[in-house]
Amino acid sequence: MKRSTRRHVRVTALVSVALVLGSGTLTACGGSGDSGDDTEVVLVTHESFQVSDDVLARFTDETGYTVQVLRAGDAGVMVNQAVLSKDSPQGDVLFGVDNTLLSRALDEDVFEPYRASGLDRVPEALQVDAEQQRVTPVDTGDICVNYDREYFAEHDLDPPRTFDDLADPAYRDLLVVQDPATSSPGLGFLLATVAHYGEDGWQDYWSRLRENGVEVTEGWEVAYNERFSGAGDGDRPLVVSYASSPPAEVVYADRPEDEWPERAPTGVSTGTCFRQIEFAGLLAGAGNPEGGRALLDFLLTEDFQADLPLSMFVNPVREDTPLPEAFTRYGERIEDPETMAPAEVAEHREQWIDAWTSVVVR
């Protein structure tokens, strides 16, 4: 039986990201970014930012600062806005720039250095700007192929586990991916294949996927909610999504916790993953730098980090953060994801996207 189409909280982080960085509209949760109020901290972020009200209230109780959230569309637009407004920043702290876009912000001197309290509890591998301390890692997520358990059970077929599996004729016409020119998970999956196969092999791999019937959509929402059989009425049982999508499928399935299933309806192909890291930083020229530093400290506290898994369906970076049962029971822990240095992404991103387009789309 088909499950009804639905979204989880993470959807707006995953829908098509304009990586050809253009203009965007900055929307506020009340007020202007230039309030002149030194008891207010302005947080500039992407449209998927979610945090529990009581967590932000705790920050106010502890520091005396209130948080005004300005949402700047998707991550690509948010970074572009920060670059264009760097001489007169829209806020005090920027949250949500990930390792695929980080070099652009760093090269444009968007951030002012600050070492956040609590950074000693964050693995060194996630501190990619440790020398200059311009950004603070806040959360991680893994872009991975997800599969529809029901489809593979009905067809007596083992789901794919690796990149090579996806090009096997057994999985012909089953995979849907996103265009890396317009989608954050699409870009992450492309980078994963570049990292895995290297410069001499990744284009050949995508040629094999094309011959095996891979489908391409502009963004995550269409791929996951419309084309993926595990979430709606689509006919593709394989989709590029996140390792945290299966827990979200359970949590947002409109059933009480005591009726949760033994397993999530979707699974993760753990050998197809790319690690994303989201960062926050103090904007250079911030109107309230002291409040901004206090907020950066707070982003690494137990309260904020513990709220991340079920508010934005991402992994906390603080090592001693307990994970909720839904996350550990239905999620996958990716032990060895593909990774890539932000500087390498910045140097080759457009070249790789153009080459991918030539191989897969044209």
Mind checking whether Arg208 and Asp164 have side chains closer than 4.5 Å, heavy atoms only?
yes

Is Arg293 salt-bridged to Glu290, cutoff N-O under 4.0 Å?
yes

Value for CZ (Arg349) from CG (Leu191), rounded to nearest 0.5 Å, stands at 8.5 Å

Testing the basics here: between Val122 and Gln127, what is the closest heavy-atom pair and its distance to 0.1 Å?
O-NE2, 2.9 Å

Going by distance alone, is a donor N or O of one side chain under 3.5 Å from an acceptor N or O of the other, for Tyr147 and Asp158?
no

Can you check whether His46 reaches Glu278 side chain to side chain, under 4.5 Å on heavy atoms?
yes

Yes or no on side chain to side chain contact (heavy atoms under 4.5 Å, CB included) for Val93 and Tyr114, after CA distance, side-chain angles and deciding distance?
CA-CA 11 Å; Val93 171; Tyr114 175 65; over 6 Å; no

Does some side-chain heavy atom of Leu283 sit less than 4.5 Å from a side-chain heavy atom of Val110?
yes

Test your reading of the model: is there a side-chain donor-acceptor pair from Ser269 to the backbone of Pro160, 3.5 Å cut-off?
yes

May I ask you to decide if the ring planes of Phe298 and Phe59 are parallel, tilted or perpendicular, using 30° and 60° as cut-offs?
tilted

I need the minimum non-hydrogen distance between Met340 and Trp352, along with the two atoms involved.
SD-CZ3, 3.4 Å

If you measure only the distance, is there a donor-acceptor pair under 3.5 Å linking the side chains of Asp235 and Tyr151?
no

Side-chain touch Phe279/Asp129, heavy atoms, less than 4.5 angstrom
no

I want to check something: taking the side chain as every heavy atom from C-beta on, are Pro113 and Arg134 in contact at a cut-off of under 4.5 Å?
yes

Quick check: do Val250 and Pro261 have side-chain heavy atoms less than 4.5 Å from each other?
yes

Does the Gln305 side chain pair with the main chain of Leu299, one donor and one acceptor, at a distance under 3.5 Å?
yes

Side chain to side chain contact (heavy atoms under 4.5 Å, CB included) for Thr60 and Leu56? Distances and angles first, verdict last.
CA-CA 6 Å; Thr60 300; Leu56 287 184; 5.7 Å; no

Whether the Ser229 and Asp148 side chains hold a donor-acceptor pair (N or O, under 3.5 Å, no angle test) is what I'd like checked.
yes

Between Ser311 (side chain) and Val51 (backbone), is there a donor-acceptor pair under 3.5 Å?
no

Where do Ala231 and Glu249 come nearest, in terms of heavy atoms and distance?
CB-OE2, 3.9 Å

Test item: side-chain donor near acceptor, Asp303 and Thr301, under 3.5 Å
no

Can you see which heavy atom on Arg104 is nearest to which on Val83, and at what distance?
NH2-CG1, 3.8 Å

With clusters defined by side-chain heavy atoms of hydrophobic residues (ILVMFWY) lying less than 4.5 Å apart, directly or transitively, does Leu101 cluster with Ile277?
yes

When you measure from the side chain of Ser183 to the backbone N and O of Pro180, does any donor-acceptor pair fall under 3.5 Å?
no

For Asp200, I'd like to know if atom CG has over 12 heavy atoms of other residues, nucleotides or ligands within 6.0 Å.
no

Are Lys86 and Asp109 within salt-bridge range, i.e. N to O under 4.0 Å?
no

Atom pair CG/CZ of Leu209 and Phe163 - distance to nearest 0.5 Å:
10.0 Å

Got a donor-acceptor contact below 3.5 angstrom from the Arg71 side chain to the Phe49 backbone?
yes

Under a plain distance cut-off of 3.5 Å, with no hydrogens placed, do Ser184 and Gln276 share a side-chain donor-acceptor pair?
yes

Hey, does the side chain of Gln178 reach the backbone of Val240 with a donor-acceptor pair shorter than 3.5 angstrom?
yes

Point-to-point distance, once rounded to the nearest 0.5 Å, from CG of Leu106 to CD of Gln132:
8.0 Å

Please find the pair of heavy atoms, one from Leu296 and one from Leu282, that lie closest to each other, and give the distance.
CD1-N, 3.6 Å

Where Phe228 and Pro237 come nearest, the two heavy atoms and their spacing
CE1-O, 3.2 Å

Val42 vs Asn288 side-chain heavy atoms within contact, under 4.5 Å
no

More than 12 heavy atoms of other groups within 6.0 Å of Arg333 CZ:
no

Any chance you could lay out the side chain to side chain contact (heavy atoms under 4.5 Å, CB included) test for Val317 and Leu300, step after step, and finish with the verdict?
CA-CA 8 Å; Val317 296; Leu300 292 183; 3.8 Å; yes

Between CZ of Arg121 and CD of Glu302, what distance do you get to the nearest 0.5 Å?
7.0 Å

Answer yes or no: is there a donor N or O on one side and an acceptor on the other, between the side chain of Asp168 and the main chain of Asp165, under 3.5 Å?
no

State the CZ-OH distance between Arg236 and Tyr171, to the nearest 0.5 angstrom.
15.0 Å

Shared hydrophobic cluster, Val176 / Val268 (ILVMFWY, side-chain heavy atoms < 4.5 Å):
no

For the ring pair (Phe, Tyr, Trp, His ring centres under 6.0 Å) test, which of Trp356, Trp206, Trp220 pairs with Phe189?
Trp206

CD/Glu124: more than 12 non-hydrogen atoms of other groups inside 6.0 Å:
no

Within a reach of under 6.0 Å around CG of Asp53, are more than 12 heavy atoms found that belong to other residues, nucleotides or ligands?
no

Other residues, nucleotides, ligands: >12 heavy atoms within 6.0 Å of Asp320 CG:
yes

Does a sphere of radius 6.0 Å around CG in Asp258 hold more than 12 heavy atoms from other residues, nucleotides or ligands, not counting ones at 6.0 Å or beyond?
yes

If hydrophobic clusters are built from ILVMFWY residues whose side chains come within less than 4.5 Å, do Val222 and Tyr242 share one?
no

Do Phe313 and Val251 have side-chain heavy atoms sitting under 4.5 Å apart?
yes

Report yes or no: does Thr45 contribute a side-chain atom to a donor-acceptor pair with the main-chain N or O of Gly96 at less than 3.5 Å?
no

Run the numbers on Thr100 and Asp98 for side chain to side chain donor-acceptor pair (under 3.5 Å), then give the verdict.
CA-CA 6 Å; Thr100 68; Asp98 68 30; 2.5 Å; yes

Has Arg210 got more than 12 heavy atoms of other residues, nucleotides or ligands less than 6.0 Å from its CZ?
yes

Taking Ile334 as the starting point, is it possible to reach Leu238 by hopping between hydrophobic residues whose side chains are less than 4.5 Å apart?
no

CG of Asp307 to CG of Asp54: how many Å apart, nearest 0.5 Å?
7.0 Å

Take Asp204 and Tyr197 through the side chain to side chain contact (heavy atoms under 4.5 Å, CB included) test and state the conclusion after the steps.
CA-CA 9 Å; Asp204 177 67; Tyr197 291 101; over 6 Å; no

Evaluate whether atom CD of Gln351 has more than 12 neighbouring non-hydrogen atoms of other residues, nucleotides or ligands under 6.0 angstrom away.
yes

Do the side chain of Asp142 and the main chain of Cys273 share a donor and acceptor less than 3.5 angstrom apart?
no

